[in-house]
Amino acid sequence: MPGHRLECMCSPYLRLPAAAFCATMIFPRGGTMARTTVKTIFADCEQLLNRELEVRGWIRTQRESKNFAFIELNDGSCFKNLQVVYDDTLADFAAVARYPLGTSLQVTGRLVPSPAAGQPFELKAAAIEAIGLSALDYPLQKKRHSFEFLRTIPHLRPRTNTFMAVFRVRSLVAFALHKFFHENGFVYVHTPIITGSDCEGAGQMFRVTTLDPVHPPLDSQGGADFSQDFFGRETNLTVSGQLNVEGFCLAFGRVYTFGPTFRAENSNTQRHASEFWMIEPEIAFADLGDNMRLAEDMLKTVIAFVLEQAPQEMEFFNRFIDTGLLERLQRVRDASFEHVTYTRAIELLQKADMKFNFPPAWGKDLQTEHERYLSERVFRKPVFVTDYPKEIKAFYMRLNDDGRTVAAMDLLVPDVGEIVGGSQREERHDVLRGRIAEMGLKEEDYGWYLNLRRFGGAPHAGFGLGFERAVMYLTGMENIRDVIPYPRTPKSAEF
RNA sequence: UCCUCAGUAGCUCAAUCGGCAGAGCGGAUGGCUGUUAACCAUUAGGUUGGGGGUUCAAGUCCCUCCUGAGGAGCCA
């Protein structure tokens, strides 16, 4: 039984000198043999050719013949694998050839030009040691897996091409956003994740409580007495940092939040998750036009950054996930976005040579089919829809002079849908009070928010960008569950 | 939450009218001196998502529950 033999080999991990770990993992120093990353090898292959190197990574795939074999080694430093070649001059040739996929290895050898097509160079191994053997039931095989199956092993899927690319791009998108805001003078504000406001108006919230779920203390009405709860009141996970960040906007002028957001809605779609990340910039002394320019600049900058920083990953998406992705992104990066008012959009929809399940009508919200028609058929690029009827938008959006619409904007992009939603905020104290009353909300819940309009208020505007939707748009991935490391959706929070 | 579809070997999928549950890949074993999801041969591997029902006989038909996917709503 080969399993026995393999298990005995697990110990090389312990044989590694401790100094090798410290010296090589992150801060390689000259003089001693240090771990070289695959990224470095590809970047500096000319200098490294015919040099002795040490690499550590995981077996992606292995091919063996009688007297020689190949390993595709990936160490996570870049998208590409390093081809390792070894032959039966290696003492434990037969054993190494049986290392299961997923095994982590330390390989030392010489970087040589590859005699065969497919890779310019390869590592001719002088020694191969298993750091951590993989078991024989490693679920990832030398074949294509369905995304659906890979969702059942989220802890292993970053070892696949697609997910390694997705999550590197996700990281880059996050960095690009911070970089964009930082370079434009924005202050990054951490708004609370636990909120005492139970009336943010953005749908169902997750309750945060330490009360006994079976026998909570009861109030006079017979309901749970939240005055005895941890915070002395009812608390929930945030659905948006916007209201909180507005206070900081009216101090710093330009601010943004970037953090997790929670919605307890029973949404079962490709574009919804219960836990997702949102970016919410807020700018003072600004109107809706400034707001839209900011959103457009931001998206274009992020697109340009990712195309530049992750060319291999983007090429991979373009080939295997969404042909036409690169062309589309380049076009969006270089062209200006469209603008259309809600009123005009309704007219366009009513004139459309297409039958909608929901007939478009002024005063009704745009349906998904309407948004798709506008972004994919009429404009074929990102389009801002502005100035919605006040009845279908939030209370804090600034009332336009017509008294019927508010200064709101949604940015619709082909295939992904609404990616940005924002507005100019109502800065007039009396108008805001009126809107709160009109929408049936309780003024006492918004006292501090109203006060921002009493203490040196200013016109200001902001928007929310669904971070995962941006990642989807940039990668061509169609399901939000495949751009979140451990996605949380209704009936699904394993891992 | 509603509508539709699906669940068969570790994975991807077949199985005609209700009539012996199969293939490829992966695994194991053997072969092969430059592979590229290597290739060739042999072989093991199944409570057909759970429960109930109809029938001589159920992967297949009915009921129910669970899970997943797509669409809708809600939204980012």
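The figures here come from the full heavy-atom set of this structure, side chains too, leaving out hydrogens, waters and symmetry mates. Throughout, protein chains are lettered first and strands after them, A, B, ... in sequence-line order, and every chain is numbered starting at 1.
- The number of heavy-atom neighbours closer than 6.0 Å to CZ of A:F262, taken from other residues, nucleotides and ligands shown, is above 12.
- Within the 4.5 Å cutoff, no side-chain heavy atoms of A:P281 are placed close to those of A:V255.
- A search for ring-ring contact (aromatic ring centres under 6.0 Å, His included) contacts involving A:F149 returns A:H145, not counting sequence neighbours.
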Cut-off 3.5 Å, no hydrogens considered: what does the side-chain donor-acceptor table look like for residues 167-180 of chain A, sequence neighbours left out?
from: A:R168; atom 1: NE; to: A:E313; atom 2: OE2; distance (Å): 2.8
from: A:R168; atom 1: NH1; to: A:G76; atom 2: O; distance (Å): 3.4
from: A:R168; atom 1: NH2; to: A:G76; atom 2: O; distance (Å): 3.0
from: A:R170; atom 1: NH1; to: A:E468; atom 2: OE2; distance (Å): 3.1
from: A:R170; atom 1: NH1; to: A:V483; atom 2: O; distance (Å): 2.8
from: A:R170; atom 1: NH2; to: A:E468; atom 2: OE2; distance (Å): 3.1
from: A:H178; atom 1: ND1; to: A:Y256; atom 2: OH; distance (Å): 2.7
from: A:K179; atom 1: NZ; to: A:E183; atom 2: OE2; distance (Å): 3.4

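- Contacts of A:R404 classified as salt bridge (Lys or Arg N to Asp or Glu O under 4.0 Å), with partners at least two apart in sequence or in another chain: none.
- Put simply, A:T152 has no side-chain N or O that comes within less than 4.0 Å of OP1 or OP2 on B:G68.
- Against RNA chain B, the stretch residues 471-487 of chain A makes heavy-atom approaches under 4.0 Å through A:N479, A:I480, A:R481.
- Nucleotides B:A21 and B:U47 have their C1' atoms positioned 13 Å apart, rounded to a whole Å.
- Applying a 4.0 Å cut-off to non-hydrogen atoms, none of the residues of residues 294-304 of chain A approaches RNA chain B.
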Please tabulate, one pair per line, each protein N/O and nucleotide N/O from nucleotides 5-13 of chain B that are separated by under 3.5 Å, including the distance.
from: B:G10; atom 1: N2; to: A:Q141; atom 2: OE1; distance (Å): 2.8
from: B:G10; atom 1: N2; to: A:Q141; atom 2: NE2; distance (Å): 2.6
from: B:G10; atom 1: N3; to: A:Q141; atom 2: NE2; distance (Å): 3.0
from: B:C11; atom 1: O2'; to: A:K143; atom 2: NZ; distance (Å): 3.2
from: B:C11; atom 1: O2'; to: A:H145; atom 2: ND1; distance (Å): 3.3
from: B:C11; atom 1: O2; to: A:K143; atom 2: NZ; distance (Å): 2.4
from: B:U12; atom 1: OP1; to: A:S146; atom 2: OG; distance (Å): 2.7
from: B:U12; atom 1: O4'; to: A:K143; atom 2: NZ; distance (Å): 3.3

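- Across the C1' atoms, B:C20 and B:G24 are found 22 Å apart, a figure rounded to whole Å.
- For A:F276, there are no ring-ring contact (aromatic ring centres under 6.0 Å, His included) partners, not counting sequence neighbours.
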For nucleotides 1-3 of chain B, tabulate all protein N/O to nucleotide N/O atom pairs closer than 3.5 Å, reporting atom names and distance.
from: B:U1; atom 1: OP1; to: A:N266; atom 2: ND2; distance (Å): 2.7
from: B:U1; atom 1: O4; to: A:N266; atom 2: O; distance (Å): 3.0
from: B:U1; atom 1: O4; to: A:N268; atom 2: ND2; distance (Å): 2.7

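- Not a single side chain to side chain donor-acceptor pair (under 3.5 Å) links A:R488 to another residue, sequence neighbours left out.
- Rounded to the nearest Å, the gap between the P atom of B:G26 and that of B:G68 is 30 Å.
- Residue pairs meeting the ring pair (Phe, Tyr, Trp, His ring centres under 6.0 Å) criterion with at least one partner in residues 473-495 of chain A, sequence neighbours excluded, are A:H155-A:F495.
- Applying the side chain to side chain donor-acceptor pair (under 3.5 Å) test to A:E122 and every residue at least two apart in sequence or in another chain returns A:Q83, A:S114.
- Contact annotation: A:Q270 reaches the phosphate of B:G71 (side-chain N/O to OP1 or OP2, under 4.0 Å).
- Consecutive Watson-Crick or G-U pairs involving RNA chain B, each under 3.5 Å on both distances, make up stems of three or more pairs at B:1-7 with B:66-72, B:10-13 with B:22-25, B:27-31 with B:39-43, B:49-53 with B:61-65.
- With A:S77 contributing its side chain and A:K39 its backbone, the two residues share a donor-acceptor pair below 3.5 Å.
- You'll find that the side chain of A:S114 is closest to B:G34, out of B:G34, B:C32, B:C75.
- Proximity of A:R98 to the phosphate of B:G27: no side-chain N or O atom is located under 4.0 Å from OP1 or OP2.
- Using atom P as the reference point in both B:G51 and B:G22, the two lie 23 Å apart (nearest Å).
- Taking the six-membered ring where tryptophan is involved, the planes of A:Y449 and A:Y446 are perpendicular, since the angle between them exceeds 60° and thus also 30°.
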